[in-house]
Protein chains: 2
Amino acid sequence: MEDKLIYRYEYPHPSVTTDCVIFGFDGSRLKVLLVERGVEPFKGKWALPGGFLRMDESAEQGARRELQEETGLAAAYIKQFHTFTEPQRDPRERVVTIAYYALVKLQEVKGGDDAARAEWFALDEVPALAFDHDQILRMATQELRRQIHFEPVGFELLPEEFTVKELQLLYEAILDVRFDRRNFYKKMLHLELLTQVNTDHANRNQPYLFRFNEEKYNELKQKGFRLEF
Amino acid sequence: MEDKLIYRYEYPHPSVTTDCVIFGFDGSRLKVLLVERGVEPFKGKWALPGGFLRMDESAEQGARRELQEETGLAAAYIKQFHTFTEPQRDPRERVVTIAYYALVKLQEVKGGDDAARAEWFALDEVPALAFDHDQILRMATQELRRQIHFEPVGFELLPEEFTVKELQLLYEAILDVRFDRRNFYKKMLHLELLTQVNTDHANRNQPYLFRFNEEKYNELKQKGFRLEF
DNA sequence: TCAAAAGTGTTCGCTATACACCCATGG
DNA sequence: CCATGGGTGTATAGCGAACACTTTTGA
């Protein structure tokens, strides 16, 4: 047994992991992907996907690897938001976890190739989680809300083409507020971050489809604009 | 030599450190505290104060310990903002660093009891730093600017009592913008975050002194307000 | 037939901005 | 005496919030 412990240090080193809060939007509610733990501790409990940081990868690469394993998505919006370091947060040993949140388009998600059971939960229906993952999830939500004031992160959660109503529902889900439909519509169009797809709408009752205008966004970002909500 | 390496693991573990970007304000410019490295690598170069995380302390406790050693200050505003994990960021071994920034009142700072030479640099006069500390400093500045939209962090950098002009100079230094003196004055008073100290001003030419009204701030925070700048 | 959806208009009030003014001080 | 610093006032433009209207569809 002893000869397996071949990595030796003069001082104790904590383990380092990455955990990933994966957000999706189903058209009306914000969801988060959880995996069921198959081993102790917290066996049977739900937890955030995560794993040990490899010595040759950065934390972001590690988090992307987790994301890929769980959702099949290689490229997605991913952002580091906090590192959790309480000495007792893992009962087995000292573990420091670098936490990311990812924004994925739900309809592009394939089942993960991981053996573990994974499931999407609405944010207000998340069960008690393993370790300090409740706290991690709470902070991720907070950071997402904060981030939305500086970057149009919402678009990462919608399909390529979407209606203004869908966009509004998303913003309302993230910020937990209600907007006036008409004001939201005008405000969004006025920002010029949306490009209309189908210029001819036969039906006054069928909404326009839009795409996110990334070029225009980069333009505005140069000038240092803010998204007011 | 071998028998010093008594901490053994089945898998390799990175070292974990905390680094601390300590900001101060001298009345006209934003400053940052750097220490001169006494050992290789980067011997003689300037770097951010930092050190290894102890196994019984959280990262924040570690950062506070660094802050205390460098400035003598036990309580100050301190905030984790990013963890740097590039595999090659330290030429010796794999080191992950959890970075904090601290806001201190310059006039309360005592010399550090650390042996290392420490010095305050104006933000735009910072020399090339050791490791990836340039990048860390840049991100700290960015985060401070971002944070100021949600929390009145500026007050952490001023003395207990200050004039509106001083507050304006601070905001201008942080955000690198200029404000109209008269509009800034009214806006600040209108927010009601300031409590006037000397109600009688004998001299029309000597400015009022103010304190930060923390109670009022907590009130406003409940209602979810934003600082517009 | 009528409620619901989606695009368009209008009004009002707040506030950010620009800029004028007044007063006391000190060189 | 006048430039400077510091507190106060005012006018305008723009935008967000509230809410009316119109058309089309489908139950």
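The basis for the numbers below is simple: all heavy atoms, side chains too, and nothing from hydrogens, waters or symmetry mates. Just so it is clear: chains get the letters A, B, ... in the order the sequence lines come, proteins before strands, and each one is counted from 1.
- Atom-to-atom, OH of B:Tyr208 to P of C:dA24 comes out at 12 Å; the value is rounded to the nearest Å.
- Counting only heavy atoms from C-beta on, B:Arg182 has its side chain closest to D:dT8 among D:dT8, D:dC21, D:dT4.
- Residue-level contact check: B:Lys165 touches the backbone only, with heavy atoms under 4.0 Å from sugar-phosphate atoms and none from bases.
- Here the P atom of nucleotide C:dA6 and the CG atom of A:Leu189 are 14 Å apart, to the nearest Å.
- Picking from D:dC15, C:dT8, D:dG6 the nucleotide with the shortest atom distance to the side chain of A:Tyr185 gives C:dT8.
- Residues A:Leu48 and A:His133 share a closest heavy-atom pair of N-ND1, 3.0 Å.
- For A:Arg181, the side-chain atoms get nearest to C:dG7 when compared with the rest of C:dA24, D:dG16, C:dG7.
- Here the P atom of nucleotide D:dC19 and the CZ atom of A:Arg178 are 18 Å apart, to the nearest Å.
- Place B:Asp180 and B:Lys187 on DNA chain C by their nearest nucleotides, and B:Lys187 ends up nearer the 5' end.
- With contacts defined as side-chain heavy-atom distances shorter than 4.5 Å, the pair B:Phe131/B:Arg37 qualifies.
- Residue order along DNA chain D, read from the 5' end via each residue's closest nucleotide, puts B:Leu209 first among A:Lys186 and B:Leu209.
- Rounding to whole angstrom units, CG of residue A:Asn205 and P of D:dT24 are separated by 10 Å.
- Distance A:Gln168 CD to C:dA6 C1': 12 Å, rounded to the nearest Å.
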> Please walk me through it: do A:Lys221 and A:Glu151 pass salt bridge (Lys or Arg N to Asp or Glu O under 4.0 Å)?
Replying inline: CA-CA 9 Å; A:Lys221 194 155 78 169; A:Glu151 280 184 59; 5.3 Å; no

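- Atom CG of A:Leu169 and atom C1' of C:dA5 are 13 Å apart (whole Å).
- With rounding to the nearest 0.5 Å, the separation of CG in A:Leu53 from CD in A:Glu60 is 12.0 Å.
- Distance from the side chain of A:Asn183 is smallest to D:dA17 among D:dA17, D:dT25, D:dG5.
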